There are 2 protein chains.
Amino acid sequence: MERSNEPAEGRGDGRVAGRADGRRPPTIRGVAERAGVSKSLVSLVLQGSPRVSDAKRQAVLDAIEELGYRPNAAARSLVARRTHTVGVLLNDMRNPWFVEVLDGLNSLLEAHGLRMLMADGRLDRRAGQDFARTFQELRVDGLVVVGTLPDTDGLAEVAERLPTVIAGNHEPRLPHVDIVANDDERGARLATEHLIALGHRRIAHIAGQGLVGELRRRGFEAAVRAHGLAASAVVESGDGTEEGGYRAAVRLLNPSRGTERPTGVFAFNDISCVGALSAAQELGLDVPADLSLVGYDNTYLARIRHLWLNSVNNASHEVGRRAARCLLDRMERPDAPAGHQLVAPELEIRGSTAPPRP
Amino acid sequence: MERSNEPAEGRGDGRVAGRADGRRPPTIRGVAERAGVSKSLVSLVLQGSPRVSDAKRQAVLDAIEELGYRPNAAARSLVARRTHTVGVLLNDMRNPWFVEVLDGLNSLLEAHGLRMLMADGRLDRRAGQDFARTFQELRVDGLVVVGTLPDTDGLAEVAERLPTVIAGNHEPRLPHVDIVANDDERGARLATEHLIALGHRRIAHIAGQGLVGELRRRGFEAAVRAHGLAASAVVESGDGTEEGGYRAAVRLLNPSRGTERPTGVFAFNDISCVGALSAAQELGLDVPADLSLVGYDNTYLARIRHLWLNSVNNASHEVGRRAARCLLDRMERPDAPAGHQLVAPELEIRGSTAPPRP
DNA sequence: ACGGTGAATTGGAACGGTCCAACGCTGTCC
DNA sequence: GGACAGCGTTGGACCGTTCCAATTCACCGT
């Protein structure tokens with residue numbers, strides 16, 4: 001009762017201590033009053049309408065400037081029923097690969113006036129489990145899932161209502177969800193064929209886990225088979241970590257092994273490739289003279305002069321760009337059939353391969 | 001006129017092609033209607049009010065479930081004048097350091113029901129230039145700036161209206177803006193004193209740029225001076241890159257140099273330390289037998305077994321946690337004087353240092 | 001029988017924008 | 001001189017919530 005007579009005073013929101021400086025941010029009405037026009041006219045000015053006289057436009061702009069007015073995005077999107085925001089769900093921001101995709105995404109989305117709202121599933125437990133709820137409550141205009149994702153059921157639910165695109169992963173396949181991914185199988189073939197072209201005949205692969213690990217292994221196997229080297233090819237399992245790569249390489253290179261050891265190794269990713277490099281050096285093998293190595297992902301690890309690894313560059317930036325393109329298309333035609341495209345990788349040559357010793 | 005009789009039909013928003021599936025998402029009114037209650041009661045249920053009969057509560061919950069209703073965050077925050085969102089501005093997501101800070105931030109913010117809206121100044125040109133405008137339009141409840149920042153004027157403007165905290169940087173100092181940063185000077189002293197304690201007498205520093213570079217150099221100089229080694233200490237300038245570290249190390253270690261060469265080097269960061277490592281190996285020096293190295297930041301580079309660098313761990317997670325604490329406090333008392341705290345780093349010992357050769 | 005009490009429920013006014021129909025002007029044309 | 005067109009401008013409905021005051025209703029004591 002007493003309170004209703006002093007509406008804009010501090011502590012008006014019932015918190016323990018007064019919020020902000022007690023003064024609410026200026027509204028469109030405040031601007032209108034100051035400029036001596038109606039709020040409708042201010043709205044027209046904000047939208048850059050041409051049917052406003054220069055005099056009033058200037059008055060409005062001055063008032064905006066003087067008051068430091070900023071339109072309220074919530075109010076705006078409430079009536080427009082568009083937030084100009086797309087949700088981006090990642091699962092590990094530590095992965096430099098993601099940043100490339102984000103960069104590619106952003107370049108296009110920004111040009112279309114969309115901002116990105118990022119959530120990291122691993123970093124933010126809530127976002128991982130409950131991202132469906134969060135993004136729906138925020139009424140994002142679209143959703144991009146980057147990499148693998150914790151909760152497929154949740155995604156299916158969101159995808160029914162929201163234009164959705166998966167970037168950098170091959171699954172899950174859902175009715176109206178586009179997929180843009182790296183062509184991992186092709187990249188693995190590229191790496192393997194590079195070793196073969198150098199003259200290597202005993203070639204090994206340090207495998208990774210998950211669907212991506214599967215695809216890269218498949219590419220490796222296809223390449224060795226195509227060149228009749230399947231009999232002398234070996235696959236050791238790793239886990240995508242440096243330690244896993246190290247141990248796999250030790251198993252591969254250990255002299256106690258019955259068969260002759262490989263002269264070329266294609267590793268699942270750069271990290272495990274670095275592990276393999278460590279193992280080789282511990283065993284007194286020179287890279288690339290005694291052992292050729294190829295990694296994958298072309299991370300900045302590969303670019304360290306000390307390591308200088310050949311690596312498959314999976315063009316993540318392009319994946320991001322294309323995913324953005326898909327999302328924009330799907331926002332226009334939400335019921336179009338799901339598309340599925342692969343982006344071709346390239347092999348980046350540095351110093352970790354050479355022809356085998358004669 | 002004709003339209004007003006068919007309000008919820010597709011294309012109602014006047015776009016070129018129909019948006020979504022033509023059906024608007026359910027609102028609180030729809031839920032109320034279905035449950036046979038008023039919208040006010042639904043609102044009470046949503047807020048978990050105890051003064052709702054069990055029968056009606058259940059009816060409402062069922063209706064929500066059946067319709068797949070999700071409250072509209074924009075409408076909610078419009079009346080509540082709180083978005084439960086804090087803006088996080090970073091300047092390069094590629095930096096693994098940031099991710100740690102974000103993780104620390106998130107752990108506390110999430111527990112207080114706040115979500116993070118991230119913008120990368122380098123990735124998103126608009127966010128970098130115009131983040132002040134964007135965050136103000138979104139009416140975020142607070143702002144965290146992680147690392148350095150492109151536009152100090154913009155920050156000053158925002159900070160007048162918004163609880164603001166700077167994490168991981170020592171500047172700029174503004175009236176109501178708290179600062180939580182790593183104690184770079186102390187970390188540098190730690191690293192340098194470790195070398196001194198091992199018995200090194202000719203110690204060098206590969207410096208970095210900016211305020212942080214300055215602070216670390218200062219810590220180095222303080223330590224050598226305190227131990228009476230200032231005369232034999234050298235500082236070479238680098239730029240925080242691998243290449244810069246490499247070149248600085250070449251200059252330091254080159255035999256043609258007039259003076260005797262250092263036996264211990266403290267580098268500005270892990271990356272330039274890796275560059276120094278490369279240079280040492282090219283010159284035929286063994287690390288750590290001929291040359292001890294210490295890096296900074298304890299990134300995962302340092303943890304690569306192949307490199308296995310001693311490095312100063314600047315406890316970024318803790319920086320994030322404390323920054324979140326500051327922000328929460330400041331949201332309660334926005335006019336409190338600005339605080340400034342430093343987080344103590346620790347030295348992580350691995351394999352890149354040893355006593356100098358006798 | 002009646003007012004009082006308190007709990008459960010409801011209508012309606014915000015919140016800060018957009019947008020549409022309608023308005024007052026001025027000038028033009030027949 | 002009146003109908004009309006077109007321009008610049010405005011009031012008010014609406015978007016989907018929250019919150020407050022008001023209402024209903026059963027129950028109680030007198």
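What you see is a predicted model, and the numbers here were worked out from it, not measured in a lab.
A close approach under 4.0 Å does occur between a side-chain nitrogen or oxygen of B/Q47 and OP1 or OP2 of D/dC19. Here A/S43 reaches the OP1 or OP2 of C/dT18: one of its side-chain N or O atoms lies under 4.0 Å away.
In summary, the side chains of A/T83 and A/R139 do not present any donor paired with an acceptor at a separation below 3.5 Å, with no hydrogens or angles considered. Using modelled atom types, one finds no donor on one side chain facing an acceptor on the other under 3.5 Å when comparing B/T148 with B/N169. Side-chain contact check for B/D54 and B/Q58: no donor-acceptor pair (N or O, by modelled atom type) lies under 3.5 Å.
Separating the CD1 atom of A/I28 from the C1' atom of D/dT10 is a distance of 13 Å, rounded to the nearest angstrom. Atom CG of B/L78 is separated from atom P of C/dA13 by 17 Å (rounded to the nearest Å). Computed from coordinates, the A/R24 CZ to C/dG16 P distance equals 6 Å when rounded to whole Å. Atom pair A/I64:CD1 and C/dG17:P shows a separation of 10 Å (rounding to whole Å applied). Counting to the nearest Å, the P atom of D/dG16 and the CZ atom of B/R70 are 17 Å from each other. Between A/L46 atom CG and C/dT18 atom P the separation is 6 Å, expressed in whole Å. Going from atom CZ of B/R82 over to atom C1' of C/dG16 covers 19 Å, rounded to whole Å. D/dG16 atom C1' lies 6 Å from atom CG of B/N72, rounded to whole Å.
Qualifying side chain to side chain contact (heavy atoms under 4.5 Å, CB included) partners for A/R51, counting only residues two or more places apart in sequence or in other chains: A/S49. Under the side chain to side chain donor-acceptor pair (under 3.5 Å) criterion, A/R57 pairs with no residue at all, not counting sequence neighbours.
On a pure distance criterion of 3.5 Å, a polar donor-acceptor pair joins the side chain of A/S40 and the base of D/dG12. Judged by distance alone with a 3.5 Å cut-off, no donor-acceptor contact links the side chain of A/K39 to the base of D/dT9.
Taking CG from A/D329 and CG from A/D178, the interatomic distance works out to 8.0 Å, rounded to the nearest 0.5 Å.
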Write down the protein N/O and nucleotide N/O pairs, taken from nucleotides 6-9 of chain C, whose separation is under 3.5 Å; answer none if there are no such pairs.
| from | atom 1 | to | atom 2 | distance (Å) |
| --- | --- | --- | --- | --- |
| C/dT9 | OP1 | B/S53 | OG | 3.0 |
| C/dT9 | OP2 | B/S53 | N | 3.0 |
| C/dT9 | OP2 | B/S53 | OG | 3.3 |

Listed pairs under 3.5 Å, donor-acceptor, residues 34-46 of chain A side chains, sequence neighbours left out:
| from | atom 1 | to | atom 2 | distance (Å) |
| --- | --- | --- | --- | --- |
| A/R34 | NE | A/E66 | OE1 | 2.6 |
| A/R34 | NH2 | A/E66 | OE1 | 2.9 |
| A/S38 | OG | A/S40 | N | 3.4 |
| A/S38 | OG | A/L41 | N | 3.4 |
| A/S43 | OG | A/Q47 | NE2 | 2.9 |

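Sequence order on DNA chain D of the closest nucleotides to A/R57 and A/R29 puts A/R57 first from the 5' end. With the nearest nucleotide of DNA chain C identified for both B/R139 and B/G36, B/G36 has the one nearer the 5' end.
With respect to A/M118, the side-chain contact (heavy atoms from CB on, under 4.5 Å) criterion is satisfied by exactly one of A/L102, A/V146, A/V144: A/L102.
Among C/dG16, C/dG17, D/dG16, the nucleotide with an atom closest to any side-chain atom of B/T27 is D/dG16.
Note on the helix from C/dA1-D/dT30 to C/dC30-D/dG1: terminal axis deviation equals 70°, with five pairs used at each end and the result rounded to 10°.
Screening residues 67-76 of chain B for salt bridge (Lys or Arg N to Asp or Glu O under 4.0 Å) gives A/E157-B/R70 as the qualifying pairs, with residues at least two apart or on separate chains.
Put simply, the side chain of A/D120 gets close to the backbone of A/M93: a donor and an acceptor are under 3.5 Å apart.
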